[in-house]
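Every chain is numbered from 1, with letters handed out A, B, ... down the list of sequences.
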Protein chains: 4
Amino acid sequence: MPAQPPKALKPRKTPSQPRSRVTVDAIFEATIQVLLSQGMVGLTSTGVAERAGVSVGTMYQYFPNKQSLVYALNERFLTTLAERVEATCAQMHGRPVAEAAEALIDTYWAAKTERPELTRALYRSVAELETDALLHAFATRVDKATTDMFCRASDFSSPDASEVNVLLTTVIYGSVRNVFERGLGPEEILGLKSELKAMCRAYLATVGK
Amino acid sequence: MPAQPPKALKPRKTPSQPRSRVTVDAIFEATIQVLLSQGMVGLTSTGVAERAGVSVGTMYQYFPNKQSLVYALNERFLTTLAERVEATCAQMHGRPVAEAAEALIDTYWAAKTERPELTRALYRSVAELETDALLHAFATRVDKATTDMFCRASDFSSPDASEVNVLLTTVIYGSVRNVFERGLGPEEILGLKSELKAMCRAYLATVGK
Amino acid sequence: MPAQPPKALKPRKTPSQPRSRVTVDAIFEATIQVLLSQGMVGLTSTGVAERAGVSVGTMYQYFPNKQSLVYALNERFLTTLAERVEATCAQMHGRPVAEAAEALIDTYWAAKTERPELTRALYRSVAELETDALLHAFATRVDKATTDMFCRASDFSSPDASEVNVLLTTVIYGSVRNVFERGLGPEEILGLKSELKAMCRAYLATVGK
Amino acid sequence: MPAQPPKALKPRKTPSQPRSRVTVDAIFEATIQVLLSQGMVGLTSTGVAERAGVSVGTMYQYFPNKQSLVYALNERFLTTLAERVEATCAQMHGRPVAEAAEALIDTYWAAKTERPELTRALYRSVAELETDALLHAFATRVDKATTDMFCRASDFSSPDASEVNVLLTTVIYGSVRNVFERGLGPEEILGLKSELKAMCRAYLATVGK
DNA sequence: AATGAATGAGTCTTCATTCAT
DNA sequence: TATGAATGAAGACTCATTCAT
C-alpha cells in the first residue's frame with residue numbers, strides 16, 4: 001500500500017536487524033500511547049522519544065520527521081485492515097451477496113472497534129497529514145478485493161458491480177466513522193450494526209438479480 | 001446550539017456596533033480563506049488577521065484564542081445546516097417516509113456540497129478541537145427534527161422511529177463524509193447519491209409498514 | 001514633595017472641577033483595588049479603567065501613562081505620611097528625645113499598619129518605578145521635621161542631631177518595612193514595637209546628654 | 001533553603017554534564033548583568049539568552065520561565081548569605097552578646113554591600129516574585145543560627161532569647177535595606193553602621209543580664 | 001550508532017496607547 | 001469631552017530538527 005508516500009514521509013530505514021525492530025516497535029507503541037493520552041496536539045517528538053525510552057536522535061534515525069511517524073502508524077493500521085478485509089473477501093468468494101456484505105460489515109466493524117480510542121485518535125490524526133495518497137491507495141486495494149467478492153457472488157450478476165461496491169463500502173465505512181463521531185453507546189452500536197445489515201440486504205434484494 | 005462552548009473557546013464580545021460587526025465578518029471570511037489555502041496547519045493568528053485586514057490585537061478582542069475562531073466557524077456552519085435540515089423536516093411532515101428520507105439526503109448533500117473545499121476544511125478542523133460538545137448539540141438538535149419527521153410520516157408506524165432515525169442519519173451523514181474522504185468525482189457522487197436513496201427506499205419498504 | 005516627578009510621570013491635569021475630582025478619585029480607588037487583588041503584574045490600564053467605571057480614553061486624560069498612576073498613588077500616600085509625621089514632630093517640640101522618638105515610632109507604625117495589604121502593595125509597586133526622586137523628596141522633607149524635633153528636644157544637646165536622626169529614622173523605617181517582609185503576626189509585631197522603643201530609649205540615654 | 005519553590009519556579013533540570021554547568025553559569029551571570037543594566041523591566045528572555053551567548057531554547061531547558069531565573073538567582077544569594085551568617089554565628093558561640101550582635105552586623109552588612117548594585121537589583125526583583133516562601137525559608141534558617149548564638153552568649157541569660165533575636169535581626173536587616181533605599185553615601189553608611197552597633201550595645205546592656 | 005544539549009524560526013498573546021466617532 | 005475599537009510593538013515560550021561528543 002505504501003504507494004509512494006509523499007517523499008518526506010518515508011521512514012528512513014527499514015529495520016532489519018533485531019535491535020532496530022525492537023526500537024521501532026517501541027517508538028510505535030509510544031506514539032500510540034501519547035496519541036491516546038495527549039492527542040495530536042500533545043504529540044511532540046521529544047515526548048514520543050522519551051516514552052519510547054530512546055533519544056530523539058535515535059528516533060530521527062528511523063523517522064525523518066514527526067509526520068512520518070504518524071504516517072507510518074496509519075499505514076500500519078490500514079495495511080492490517082486491508083489484509084483482514086481481503087481475507088474476508090477471499091473466504092466469501094462464491095457466497096450470496098447479502099452474506100458477503102454482512103461479512104464485510106462484521107470484519108470492518110470489528111477492526112475499527114477493537115481499540116476504539118486508538119481508532120478515534122487515528123481518525124483525527126489523519127486530518128493533519130497529507131494522507132490523501134495513503135487513503136487512496138488503501139481504498140484502491142480494498143476496493144479491488146470487495147468488488148471481486150461481489151462479482152463472484154453466487155447470486156449476483158449486476159452489470160455494474162463496481163457501482164454496487166462503491167455504494168456499499170461508502171455506506172459501511174462512513175457509518176462506522178459516524179458512529180465514532182457521535183459517540184454512541186455500545187447498545188446503540190449493536191442495534192445500528194444489525195439494522196445496517198438489514199438495510200444492505202434490502203438493497204441487494206432489489207438489485208442485479 | 002452554542003451549548004456551552006468549552007469556556008476557553010467562547011467569543012470574547014459579541015459585536016454590537018456596526019464597526020465591530022464588519023470586523024468580525026472580515027475575520028470569519030479570512031479564516032475561511034486561510035483554512036482553504038493553507039489548512040489548519042497554516043492557520044496562524046497573524047495570517048488570519050492580515051488577511052482580514054485587521055490587527056492581531058483586534059482579532060483577539062473578539063476571539064480569545066485561535067481555536068475559538070475555528071470553533072465559531074464550525075458553530076456557524078452547523079447552525080445553518082441545522083436550520084436547513086429543520087426546514088426540510090417541517091416541509092416533509094405527513095409525507096411518505098421514503099420521500100422524507102430522500103429529501104433529507106438532498107438537503108444534507110446539498111449543504112455539504114455547495115462549497116466542497118470548505119466542507120473538507122471544516123471536517124478536518126474539527127479534529128483539532130474540543131468540539132465534542134458542539135457536535136453533540138448539533139446531533140441532538142437535528143435528531144429531534146428528523147425523528148419527528150419520520151414519526152409523522154403518512155405511511156409510517158414503526159414503534160421505534162428513533163432507531164430508524166439513528167440508522168438513516170448515521171448512514172447519510174457518514175456516507176457524505178466518506179465521499180469527501182475518498183475524493184470521488186462528480187459523476188460518481190451523483191450515482192452514489194441516487195443509489196443511496198434507493199437503498200433507503202428498499203430498507204424502509206421492509207420496515208414499520 | 002512632587003519635587004520634579006520624572007517628566008513623563010506628571011499627571012496631565014490637576015483636577016479642579018468637581019466632576020474631574022470624582023473621576024480621579026474613582027481611578028485612584030480602582031488602582032488600589034486592582035493592586036490589592038492582582039498585584040502590580042495584574043495592573044493593566046484597561047483593568048483599572050473598567051473598575052473605575054470610566055473609559056480608557058478618559059483615564060489617559062488624567063494620567064499620561066500607567067506608571068504615572070502608580071506614581072501618583074505613592075505620592076499621595078507619602079504626602080499624607082509626611083504630613084502625619086510633621087504633625088507629630090510639631091507636637092513633640094520641646095519634649096524629651098526619648099518621648100519624641102517613641103512618638104515617631106507610633107506615628108510611622110500606625111500609618112503603615114492601618115491598611116497593611118495596601119502598604120505591602122505600595123512597597124512592591126515602588127520597586128518597578130523610577131521613584132528614587134520621589135522617595136528622596138519624601139526623605140528630605142521628613143528628615144527636616146524629625147531633625148528639627150530632635151534638635152529642640154528638652155534634654156538633647158548633641159552636636160550632631162543629624163546623625164542621630166539618620167540612625168533613628170533608618171532603624172525605624174527599616175524595621176517597619178522588615179516587619180512586612182517577614183509577615184510577622186500581630187502579637188509579635190506589638191512586642192517588636194515596644195522593644196524597638198526600648199532600644200531607642202537605651203541608645204538615646206547613652207548619647208548627647 | 002529551596003523549601004519548595006512554587007512549583008512553576010523550579011528549575012527544569014539540574015545540570016550534570018560539564019557543558020550544561022557552563023551554560024547555566026553563563027545564564028546566571030547574564031541575568032545579573034541584565035538586571036544591573038536594565039532592571040527587572042528590561043529583563044527579557046531573549047535579552048538574557050543573548051547576553052549569555054546561548055539560544056532562548058537552551059535557556060528554557062533549564063528554567064521553565066523568566067521568573068524562575070530570578071528566583072534561582074535570589075535563592076543562590078540567599079543561600080550564600082545564610083551560610084555566611086551561620087559561619088559567623090558558629091564562630092561567635094560563647095562570646096558576649098554585644099560582640100555577637102556586632103559580628104552579625106558586620107557580616108550581614110558586608111554581604112549586602114560587596115556588590116551594592118546587585119543588592120539593589122535583587123531587592124527590587126523580589127517584589128515581582130512569589131518569593132514569600134523563599135524569604136520565609138531564609139528567615140527561618142538564619143533565625144535558628146542567630147538565636148542559637150544569642151542563647152549561648154557568655155553573658156546572656158534572657159528567658160526569651162527569641163524575642164531579642166527578632167528585634168535585633170529586624171532592626172539590622174531593615175536598616176540595611178533602608179540604607180539602599182535612601183541611597184546614602186559611603187561615609188554616612190559607615191557612621192550609621194557604627195551607631196547601629198552602639199544602639200545594639202546600649203539595648204543589650206539593659207536586657208537579660 | 002546513540003545521545004541529548006543546543007538551536008532559533010515561528011507562534012501566540014498581551015496591553016499600553018492612540019484616535020475616529 | 002468621553003468612548004472604546006483598533007493598533008502593533010514587544011515578549012514569552014515551544015518544539016522540530018541538528019550535530020558535536
Less than 4.0 angstrom between a side-chain N/O of [X] and OP1 or OP2 of [N], yes or no?
X      : N       : value
Q61(C) : dA2(F)  : yes
S55(C) : dA2(F)  : no
Y60(D) : dG8(E)  : no
T23(D) : dA6(E)  : yes
S45(A) : dA16(F) : yes
T58(A) : dA1(E)  : no

Between V54(C) and G57(B), the residue closer to the 5' end of DNA chain F by nearest nucleotide is V54(C)
Closest contact, heavy atoms only, L134(B) versus L78(B):
CG-CD1, 4.0 Å
Watson-Crick or G-U wobble partner for dG4(E), using a 3.5 Å limit on both distances?
dC19(F)
Who does dT13(E) pair with, Watson-Crick or G-U, both distances under 3.5 Å?
dA10(F)
Across the strands shown, which category fits L43(B) at heavy-atom distances under 4.0 angstrom: base, sugar-phosphate, nothing?
sugar-phosphate
With DNA chain E as reference, determine whether G47(B) or K66(C) sits nearer its 5' end, using the nearest nucleotide of each.
G47(B)
Quick check: on DNA chain E, is the nucleotide nearest V41(B) upstream (toward 5') of the one nearest M59(D), or the reverse? Name the residue that is more 5'.
M59(D)
Interatomic distance, [X] [atom1] vs [N] [atom2] [rounded to whole Å]:
X      : N       : atom1 : atom2 : result
I27(A) : dA2(E)  : CD1   : C1'   : 12 Å
E50(D) : dA10(F) : CD    : P     : 14 Å
D25(B) : dA5(F)  : CG    : C1'   : 16 Å
L69(A) : dC15(F) : CG    : P     : 16 Å
Q67(C) : dC15(E) : CD    : P     : 15 Å
Y62(B) : dT13(E) : OH    : C1'   : 17 Å
N65(A) : dT17(F) : CG    : P     : 5 Å

The side chain of T44(C) lies closest to which of these nucleotides: dC15(E), dT17(F), dA6(F)?
dC15(E)
S125(A) versus N74(A), side-chain donor and acceptor atoms under 3.5 Å
yes
Verify the distance criterion only: is there a donor paired with an acceptor across the side chains of T23(A) and S20(A) at less than 3.5 Å?
no
Less than 4.5 Å apart, any side-chain heavy atom of F77(B) and any of I32(B)?
yes
Check the surroundings of atom CD in E50(C): do more than 12 heavy atoms from other residues, nucleotides or ligands lie under 6.0 Å from it?
no
